[in-house]
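Written below as structure tokens is the structure these notes are about.
The structure presented is a predicted model; accordingly, all values stated were derived computationally and were not measured. So you know, we letter chains A, B, ... as the sequences are listed, proteins then strands, and number each from 1. FYI, side chains are in, hydrogens and waters are out, and symmetry mates aren't considered; it's all heavy atoms of this structure.
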Protein chains: 2
Amino acid sequence: MSINSRFTVAIHMLVLLSLNENKYYSSKFIAQSVNTNPVFIRRILSSLVKANLVTTQLGVEGGASLAQPAEQITLLDVYRATEPESLFTLHHSEPNMHCLCGRAIKPILGSIFTEAEMALTQVLAQTTLAEVKQQIQNNTL
Amino acid sequence: MSINSRFTVAIHMLVLLSLNENKYYSSKFIAQSVNTNPVFIRRILSSLVKANLVTTQLGVEGGASLAQPAEQITLLDVYRATEPESLFTLHHSEPNMHCLCGRAIKPILGSIFTEAEMALTQVLAQTTLAEVKQQIQNNTL
DNA sequence: AAAACTGCAACTACAATGGTTACAGTTTAG
DNA sequence: CTAAACTGTAACCATTGTAGTTGCAGTTTT
């Protein structure tokens, strides 16, 4: 399958927060921009808080705000916070150990998959939230 | 989410076929090596046939065989045959066009995601079935 | 004619995704 | 000090994807 929309939504949210880093944005407000429901937003926010990308404030006028400057947050940080450990699913059921192929294939594919995933994450590490924000703002000129 | 085990299973199958390129392997035999059921194998085979990586033979002593030499089949070919078009899921529901962020973010993320996926596919393109087979055979010395 | 296959449809079980409701707890404004 | 606006989280639902299973028509070899 594919990388969850959680990742896409998380970036969307964080870019939104970066538009005014001193403001707390409510999950309801964010949900309207993303066009989804506030609970889904709060679930993702929960992951982002754990990864120390966002801080939240309870109560009236509360909400979420960036925990770090947008220049310091890369898309890889967001990816790590929202996506599971490994991108590739190895075998659903353990291969047959009586078969040459079954015995040896897992570690070999594992290392190729790790290499491929690293190539992907390196690209994500090269882009910061601030750059995405900048592109969005240029787009509207 | 993550990349389906279909991809992993497809590689497993093809490496198995590469052990003897002149033989037809039945879906039952392949299923035993992968430790799954023959129908699941035939469903994946169907995709591989469409991608011209495999030919099948009906009847007694029939089964599947590589349609190309193992040296010419890369993991990227297998990836393309078994995985959907795009790895990343953009928004589940369309973002709010009344929001600066909602309007502009999709194409920007789209191009970053394309770049990231290309980095991944380039790694997959560098490995052929023959190389995986070679590693498996070395492994058992 | 029997046996060994593919190809495919139909049905099932299970897990993941995202939407919805509900509610306890926190904070601010009045 | 109470009402309102928030977060955080659990519970439940609908939908979809994944993989397993059964069944059967059609093909090929013996």
Do any side-chain nitrogens or oxygens of [X] fall under 4.0 Å of OP1 or OP2 in [N]?
{"X": "B:S5", "N": "D:dT18", "answer": "no"}
{"X": "A:R42", "N": "D:dT7", "answer": "yes"}
{"X": "A:T36", "N": "C:dG19", "answer": "yes"}

Rounded to whole angstroms, how far apart are [atom1] on [X] and [atom2] on [N]?
{"X": "B:F40", "N": "C:dC8", "atom1": "CZ", "atom2": "C1'", "answer": "16 Å"}
{"X": "A:I41", "N": "C:dT20", "atom1": "CD1", "atom2": "P", "answer": "13 Å"}
{"X": "A:E83", "N": "C:dA16", "atom1": "CD", "atom2": "P", "answer": "14 Å"}
{"X": "A:N35", "N": "C:dG19", "atom1": "CG", "atom2": "C1'", "answer": "12 Å"}
{"X": "B:L45", "N": "C:dT6", "atom1": "CG", "atom2": "P", "answer": "8 Å"}
{"X": "B:F7", "N": "D:dA19", "atom1": "CZ", "atom2": "C1'", "answer": "19 Å"}
{"X": "A:L48", "N": "D:dT7", "atom1": "CG", "atom2": "P", "answer": "14 Å"}
{"X": "B:N37", "N": "C:dA9", "atom1": "CG", "atom2": "C1'", "answer": "15 Å"}

Any side-chain heavy-atom pair of B:F88 and B:L109 under 4.5 Å |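 B:F88 does not reach B:L109 side chain to side chain.
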
Quick one: does B:Q137's side chain have a donor or acceptor within less than 3.5 Å of a partner on B:Q134's backbone?
->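 No, B:Q137 side chain to B:Q134 backbone: no donor-acceptor pair under 3.5 Å.
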
Please report the interatomic distance [atom1]([X]) to [atom2]([Y]), rounded to the nearest 0.5 Å.
{"X": "B:L53", "Y": "B:S65", "atom1": "CG", "atom2": "OG", "result": "12.5 Å"}
{"X": "A:T8", "Y": "B:F113", "atom1": "OG1", "atom2": "CZ", "result": "4.0 Å"}
{"X": "B:I105", "Y": "B:R103", "atom1": "CD1", "atom2": "CZ", "result": "12.5 Å"}

Using the closest heavy atom to pick a nucleotide of DNA chain D for each, name whichever of A:T56 or A:V60 lands nearer the 5' end.
->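 Between the two, 5'-proximity favours A:V60.
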
Looking at D:dA19, C:dA9, D:dT29, which one has an atom nearest to any side-chain atom of B:Q57?
->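 Selected nucleotide (nearest to the side chain): D:dT29.
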
Considering only C:dG18, D:dT28, D:dT21, which nucleotide approaches the side chain of B:L58 most closely?
->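 Selected nucleotide: D:dT28.
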
Look at atom CD of A:Q72 and say whether more than 12 heavy atoms of other residues, nucleotides or ligands are closer to it than 6.0 Å.
->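 Yes, enclosed.
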
Which sits closer to the 5' end of DNA chain C, A:G59 or B:G63, going by the nucleotide each is nearest to?
->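 It is B:G63, whose closest nucleotide lies nearer the 5' terminus.
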
What parts of residues 20-34 of chain A reach DNA chain C, counting only heavy atoms under 4.0 Å away?
->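 Going residue by residue through residues 20-34 of chain A, none turns out to have a heavy atom under 4.0 Å of DNA chain C.
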
For the side chain of B:R43 and the base of D:dG20, is some donor closer than 3.5 Å to an acceptor across the two?
->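 Such a pair exists between side chain and base.
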
Assess the side chains of B:S27 and B:R42: does a donor N or O sit below 3.5 Å from an acceptor N or O?
->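 Yes, because at least one side-chain N or O of B:S27 sits under 3.5 Å from a partner of the opposite role on B:R42.
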
